[in-house]
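See structure below.
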2 protein chains.
Amino acid sequence: MFSKTCEYAIRAMIFIAQKSKDGSKIGIREIAKGIDSPEYFIAKILQELGRKGVVQSMKGPTGGFYLDNSARKTSLATIVKAVDGDNIFSGCGLGLKQCSDKHPCPLHHEFTKIRKDITNMLNKTKVGDLQEELDQKLTFLRRD
Amino acid sequence: MFSKTCEYAIRAMIFIAQKSKDGSKIGIREIAKGIDSPEYFIAKILQELGRKGVVQSMKGPTGGFYLDNSARKTSLATIVKAVDGDNIFSGCGLGLKQCSDKHPCPLHHEFTKIRKDITNMLNKTKVGDLQEELDQKLTFLRRD
DNA sequence: TCTATAAAAGATATTTTTGTCTTTTATTTC
DNA sequence: GAAATAAAAGACAAAAATATCTTTTATAGA
């Protein structure tokens with residue numbers, strides 16, 4: 001469904017939301033541990049998300065990653081688009097370039113439904129909401 | 001959603017269903033052209049599907065690939081499982097190993113719904129049905 | 001202003017996926 | 001049975017995704 005890169009990105013965003021909700025910042029090493037991802041790899045990913053304004057960061061001592069109030073409202077759709085592009089939102093399920101409502105591939109109509117559900121879900125789900133469920137221990141990012 | 005390998009596999013299966021419905025067989029070269037895929041690559045994929053009994057084939061002159069009556073009833077789920085494994089049916093959306101109903105990842109519940117829809121769709125959709133729609137020119141596998 | 005810290009940037013390495021080519025085996029037709 | 005055909009099998013190659021390491025830049029705090 002998502003690339004590994006995207007999975008890490010989503011996990012990291014939720015984790016950062018959680019750890020920075022008191023205004024503090026969280027470092028790469030802790031993020032990597034917290035979401036069980038390769039340290040250097042998630043660093044690269046967050047760098048890119050930072051460039052796109054999806055996550056905030058500060059260099060230097062007491063620096064690290066954090067989410068401002070607006071970033072907490074980021075939808076999963078925004079993250080997925082930033083990392084994986086919009087193939088999942090609009091690409092053909094069978095990989096055809098010329099697939100459309102007018103010239104549908106054999107799976108087009110079935111896929112349209114599913115894609116709509118996925119899109120809705122990703123649009124309505126915000127990082128901040130997921131973080132709250134995590135806080136209440138209703139969900140988990142690792143073994144714990 | 002699916003790997004490229006899987007996309008080619010599904011497209012090839014539908015195409016073979018169409019070209020072999022009169023009992024004839026169709027060669028790799030024509031399949032590759034018909035579904036717009038790399039020739040040697042789809043050959044490999046069909047080899048593997050042949051080994052698993054998903055597609056039938058014959059060597060030698062007048063040989064080629066075809067689908068018998070039971071193979072026409074193959075669901076997309078069977079093809080996807082044979083090629084991509086069952087990650088799409090059961091894997092965690094965020095890539096967590098220990099994700100389950102009891103120990104859900106932040107997206108677990110939302111994903112459960114979507115995965116159920118996808119699974120249902122793949123289970124109920126049969127190669128033969130897709131081939132018929134293709135025959136009626138209701139859907140397409142290439143530009144045409 | 002100097003030092004320590006932590007992210008940014010850039011380079012490199014590994015693995016997986018995708019794609020290609022060559023040789024072998026089975027089958028048909030003559 | 002020999003020649004031609006087409007898939008099977010095995011080896012190889014390229015590209016993309018994933019992962020790691022090194023150097024640079026910004027910032028805080030002494």
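Just so we're clear, the structure is a prediction, and the values are computed from it rather than from any experiment. First the proteins, then the strands, lettered A, B, ... as listed; each starts at 1. Computed from heavy atoms alone, side chains included, the values below leave out hydrogens, waters and symmetry copies.
Proximity of S3(A) to the phosphate of dA17(D): no side-chain N or O atom is located under 4.0 Å from OP1 or OP2. For the pair T5(A) and dT18(D), the criterion of a side-chain N or O lying under 4.0 Å from OP1 or OP2 is met. Of the side-chain N and O atoms in T62(B), none sit less than 4.0 angstrom from OP1 or OP2 of dA6(D). Taking side-chain N and O atoms only, Y8(B) has a distance below 4.0 Å to OP1 or OP2 of dG19(C).
Nucleic acid contact class of I26(B) (heavy atoms, under 4.0 Å, all strands): sugar-phosphate only. Residue contacts for I31(A): at a heavy-atom cut-off of 4.0 Å it reaches no nucleic acid atom on any strand shown.
Of the candidates dG19(C), dT18(D), dA9(C), the closest approach to any side-chain atom of R51(A) belongs to dA9(C). Nearest to the side-chain atoms of I28(B) among the listed nucleotides dA4(D), dA8(C), dA7(D) stands dA7(D). Of the candidate nucleotides dT18(C), dG10(C), dA26(C), dA26(C) has the atom nearest to the side chain of K59(B). The side chain of P61(A) approaches dT27(D) more closely than any other nucleotide in the set dA19(D), dT27(D), dT18(C). Closest to the side chain of K44(A), from the set dT28(C), dA8(C), dA9(C), is dA9(C).
The CD1 atom of I45(A) sits 11 Å away from the P atom of dT20(D) (whole-angstrom rounding). The distance from atom CD1 of I42(A) to atom P of dT18(D) is 12 Å, rounded to the nearest whole Å. Taking atom NZ of residue K25(B) and atom P of nucleotide dA26(C), one finds them 17 Å apart after rounding to whole Å. Atom NZ of K19(B) is separated from atom P of dA6(D) by 17 Å (rounded to the nearest Å). The CZ-C1' distance, from F41(A) to dA7(C), rounds to 18 Å in whole Å. For the pair E39(B) CD and dA6(D) C1', the computed distance is 11 Å after rounding to whole Å. L46(B) has its CG atom 15 Å from the P atom of dT20(C), to the nearest Å. Between the CZ atom of F65(A) and the P atom of dA6(C) there is a distance of 12 Å, given to the nearest Å.
Relative orientation of the F140(B) and H103(A) rings is parallel, given thresholds of 30° and 60° on the angle between their planes.
Between the side chain of R115(B) and the backbone N or O of G91(B), at least one donor-acceptor pair lies under 3.5 Å.
Residues F2(A) and I118(B) fall within the same hydrophobic cluster, defined by Ile, Leu, Val, Met, Phe, Trp and Tyr side chains chained together at heavy-atom separations under 4.5 Å.
When side chains are defined from C-beta on, L94(A) does not count as touching F111(A), because their heavy atoms never get closer than 4.5 Å.
Between Q47(A) and M58(B), the residue anchored nearer the 5' end of DNA chain C, judged by the nucleotide with its closest heavy atom, is Q47(A).
Remark: K21(B) engages D135(B) in a salt bridge, criterion side-chain N to carboxylate O under 4.0 Å.
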